[in-house]
Number of protein chains: 2
Amino acid sequence: MDLRHLSTFVAVAEEGSFSRAADRLRIAQSAVSRTIRDLERDLGRQLFDRSTHHVALTQAGHELLDSARAALTAVDTLRVAAEDAGECIRCPRDGQKKGTEDT
Amino acid sequence: MDLRHLSTFVAVAEEGSFSRAADRLRIAQSAVSRTIRDLERDLGRQLFDRSTHHVALTQAGHELLDSARAALTAVDTLRVAAEDAGECIRCPRDGQKKGTEDT
DNA sequence: ACCGATTACGAGTGGCGTAATTATT
DNA sequence: AATAATTACGCCACTCGTAATCGGT
C-alpha cells in the first residue's frame with residue numbers, strides 16, 4: 001500500500017466518480033482505476049461497487065474511508081510538524097520559523 | 001514523501017544505525033542512506049546528526065519521530081480495519097472474519 | 001449513441017543491490 | 001585496519017498516459 005493509493009481512494013469516494021477523481025488528482029482515469037484495483041487487492045476488500053454505471057462505496061469502503069483519511073492526515077501533520085521542528089537544513093541562521101521570508 | 005521513507009526513518013532512529021536499520025528492513029545500507037537523504041530534503045530538515053561515527057537524532061528528528069510513528073500506525077490501523085470491514089472480495093460467503101481459516 | 005470504467009501497450013521515473021569511496025575509531 | 005555512511009552504475013519494478021474495449025443508460 002501507498003499514500004497514493006489512499007489519496008486516490010479518498011478522492012474517488014468523495015467525488016463518487018473515477019473520472020472526477022482523476023480530474024482532481026490530475027491523472028488519467030486509467031491510473032485511478034488501476035490504483036483502486038491494486039488497493040482493493042492489497043486490502044482484500046472491494047472498496048467500490050461499480051456494477052452499475054454508478055460508483056458507490058461498499059460497506060468496507062465506508063468503514064475504511066475514515067482510516068484512510070486518518071492516515072493521510074497523519075502524514076500531513078508530519079509535514080506541518082516539520083515546518084516547526086528544528087532548524088532548516090540549508091539555513092545557518094534559521095531565523096524564519098515559517099513564512100518569515102519576505103514576499 | 002512516502003510510507004517507505006517513514007519506515008526507514010523510524011528504523012534508523014530506533015536502531016541508532018543505518019546498518020542495523022538496513023538489516024532490520026532487509027535492504028542495503030545504501031538504500032537506507034538515500035531514503036533518509038531524500039526524506040531530509042523533502043522535509044527540509046536534517047533528521048540525523050552523523051557528523052561523527054555515531055548516528056543521533058537531531059532536535060527536528062526527535063520532534064518528527066512521533067508524527068512518523070503516528071502516520072505508520074494510522075496505516076497499520078487501516079490494514080487492521082480492512083480485516084474486519086465488509087466482506088472479502090473473493091469470498092462469496094465470507095464466513096471467516098479473521099483467522100477463521102484452519103491452521 | 002454517449003458516458004464511464006477497464007485493459008493493453010509503450011515510455012519515463014524511481015528504488016534497490018553491488019561495488020567503490022571517504023571518514024571515523 | 002575495521003566499521004559505517006555516501007556515491008556511482010546498472011537493473012528491475014512501478015506508474016503514468018494514450019488508445020482500444022466493454023458495459024450501462
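Convention: sequence-line order gives letters A, B, ...; per-chain numbering from 1.
- D23(B) meets the side chain to side chain donor-acceptor pair (under 3.5 Å) test with no other residue; sequence neighbours excluded.
- Taking CG of L78(B) as the reference point, atom CG of L72(A) lies at 10.0 Å (rounded to 0.5 Å).
- Using a 4.0 Å cut-off on heavy atoms, the residues of residues 10-21 of chain B that approach DNA chain D are S17(B), F18(B), S19(B), listed by number.
- Residues that satisfy the side chain to side chain donor-acceptor pair (under 3.5 Å) test with R37(B), not counting sequence neighbours, are absent from this structure.
- By the side-chain contact (heavy atoms from CB on, under 4.5 Å) test, L57(A) is found to be paired with F9(A), A13(A), F48(A), H62(A), L65(A), residues two or more places apart in sequence or in another chain being considered.
- With sequence neighbours excluded, the residues forming a side chain to side chain donor-acceptor pair (under 3.5 Å) with R50(A) are E40(A), listed by chain and number.
- Closest of all the heavy-atom pairs between A71(B) and A74(A) is CA-CB, 3.5 Å.
- T77(A) has its side chain within reach of T73(A): a pair of non-hydrogen atoms, C-beta onward, lies under 4.5 Å apart.
- One end of the helix from dA1(C)-dT25(D) to dT25(C)-dA1(D) points its axis 30° away from the other end's axis, with each axis taken from 5 pairs and the angle rounded to 10°.
- The span of DNA chain C lying next to chain B, judged by atoms under 4.0 Å from heavy atoms, is bounded 5' to 3' by dG15(C) to dT25(C).
- Of the charged side-chain nitrogens involved, at least one lies within less than 4.0 Å of a carboxylate oxygen, so that E14(B) and R24(B) count as a salt-bridged pair.
- For D66(A), the side-chain contact (heavy atoms from CB on, under 4.5 Å) criterion is met by R69(A), not counting sequence neighbours.
- The nucleotide range of DNA chain D contacted by chain A, defined by atoms under 4.0 angstrom from heavy atoms of the protein and reported 5' to 3', is dT15(D) to dT25(D).
- Between the CG atom of L3(B) and the CG atom of L6(A) there is a distance of 7.5 Å, given to the nearest 0.5 Å.
- For S19(A), the side chain to side chain donor-acceptor pair (under 3.5 Å) criterion is met by Q29(A), not counting sequence neighbours.
- Legend: residues meeting salt bridge (charged side-chain N to carboxylate O under 4.0 Å, His left out) with D49(B), ordered by chain and number and at least two apart, are absent.
- The stretch residues 29-36 of chain A comes close to DNA chain D through S30(A), A31(A), R34(A), T35(A), each having a heavy atom under 4.0 Å from the strand.
- Nearest heavy atom pair, residue E83(B) against residue R45(A), reads O-NH2, 2.8 Å.
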Stepwise side chain to side chain contact (heavy atoms under 4.5 Å, CB included) check, D42(A) with D38(A): CA-CA 6 Å; D42(A) 184 33; D38(A) 292 344; over 6 Å; no
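- R4(A) and D2(B) are not joined by a salt bridge, as no carboxylate oxygen comes within less than 4.0 angstrom of a charged side-chain nitrogen.
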